[in-house]
Amino acid sequence: MRILVTGANRGIGAALCTELSTRGNTVTGTARNAPGLAPLDVTDPASISALARGIDAPLDALICNAGVFLDMAQDIDGYPQQMWADSFAVNVTGVFLTVQAMLPHLRRSRTAKIMIISSQMASDEQAPGGCYIYRASKAAALNLGRNLSSDLKSQGISVGIYHPGWVQTDMGGASAEITAAQSATGLADRLEALSLQNTGCFETWDGQALPT
């Protein structure tokens, strides 16, 4: 498969590129500014368009992994307005604009797939409080993925939304439960399992269904 991965300069994105390449796929990793990766700022429509124009072959899979968690240390008196705008620009709008720009290339594939990295923190049923911006943005990404799955099914494009696990990255911290490599292995399995039969799924990295 020819696969495009956003946010591939570190953590889960970098591990996904390694895992998917090991499985024999042709993988293009992207980041805002990182050596060896295709330049892409998901908050900049011009950057997204430039990347799309440079693709001259069918795209079999798009993995929307780029994301931010800016409100990790906020309390109820925090959460400034700009933090909301910056978070949604990456975690929600950036996902949609990237999908939109890559659709012409995905439509050229016989089995196109879109993987959106959300979080179990998107679940309305699991709401312990705090992290309001991140939770809201990931819930919006889940909602976006579900609606895309409905609209794109007739075009032969499947969409899955996934929780990557609590991962030992800069975002997850050193005490997290699994390594980036473990998460990437599971997510690569989920990508292979994604089809029009289970499009719209909301699952963990190891294939467990999540409540919405």
So, for [X] and [Y], which heavy atoms are closest and what is the spacing to 0.1 Å?
X: Ala38; Y: Leu51; answer: CB-CD1, 4.0 Å
X: Asn65; Y: Gly7; answer: ND2-O, 2.9 Å
X: Ala140; Y: Val92; answer: CB-CG2, 3.7 Å
X: Gly160; Y: Tyr162; answer: C-CE1, 3.2 Å
X: Pro80; Y: Gln74; answer: CD-OE1, 3.5 Å
X: Cys131; Y: Met121; answer: CB-CE, 3.8 Å

Plane angle bin for Phe69 and Tyr134 - parallel if under 30°, tilted between 30 and 60°, otherwise perpendicular: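 Tyr134 and Phe69: parallel rings.
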Test salt bridge (Lys or Arg N to Asp or Glu O under 4.0 Å) applied to Arg190 - qualifying residues, sequence neighbours left out: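 Once residues adjacent in sequence are excluded, the partners of Arg190 under the salt bridge (Lys or Arg N to Asp or Glu O under 4.0 Å) criterion are Glu203.
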side-chain hydrogen bond (donor to acceptor under 3.5 Å, both in side chains) partners of residues 99-115, not counting sequence neighbours, each pair once: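 Listed once each, the pairs are Asp60-Ser109, Arg107-Gln155.
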Sequence neighbours excluded - side-chain hydrogen bond (donor to acceptor under 3.5 Å, both in side chains) pairs with any residue from residues 36-49: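 Every pair satisfying side-chain hydrogen bond (donor to acceptor under 3.5 Å, both in side chains) with a residue in residues 36-49: Asp41-Thr43.
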Path from Leu40 to Met102 over hydrophobic side-chain contacts below 4.5 Å: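 Yes, same cluster.
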Looking at [Y], is its backbone amide N or carbonyl O close enough to the side chain of [X] to form a donor-acceptor pair, meaning the two atoms are under 3.5 Å apart?
X: Arg135; Y: Gly129; result: yes
X: Ser87; Y: Trp84; result: no
X: His163; Y: Thr204; result: no

Excluding sequence neighbours, so at least two apart, what forms side-chain hydrogen bond (donor to acceptor under 3.5 Å, both in side chains) with [X]?
X: Thr179; value: Gln182
X: Thr199; value: none
X: Gln82; value: Asp86
X: Ser137; value: Asn91

Lys/Arg N to Asp/Glu carboxylate O, Arg23 vs Asp189, below 4.0 Å: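 A salt bridge links Arg23 with Asp189.
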I'd like to check the side-chain contact (heavy atoms from CB on, under 4.5 Å) partners of [X]; sequence neighbours left out, ordered by chain and number.
X: Ala15; answer: Ala180, Ala184
X: Ser195; answer: Gln197, Asn198
X: Asn143; answer: Asn147
X: Ala139; answer: Ala122

Sequence neighbours excluded and cut-off under 3.5 Å, please list the side-chain donor-acceptor pairs for residues 25-32, or say none.
unit_1 : atom_1 : unit_2 : atom_2 : d
Asn25  : OD1    : Met1   : N      : 3.1
Asn25  : ND2    : Leu20  : O      : 2.8
Thr30  : OG1    : Val5   : O      : 3.1

Sole candidate of Leu194, Leu152, Val99, Leu144 that passes side-chain contact (heavy atoms from CB on, under 4.5 Å) when paired with Val159: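 Considering Leu194, Leu152, Val99, Leu144, a side-chain contact (heavy atoms from CB on, under 4.5 Å) with Val159 is found only for Leu152.
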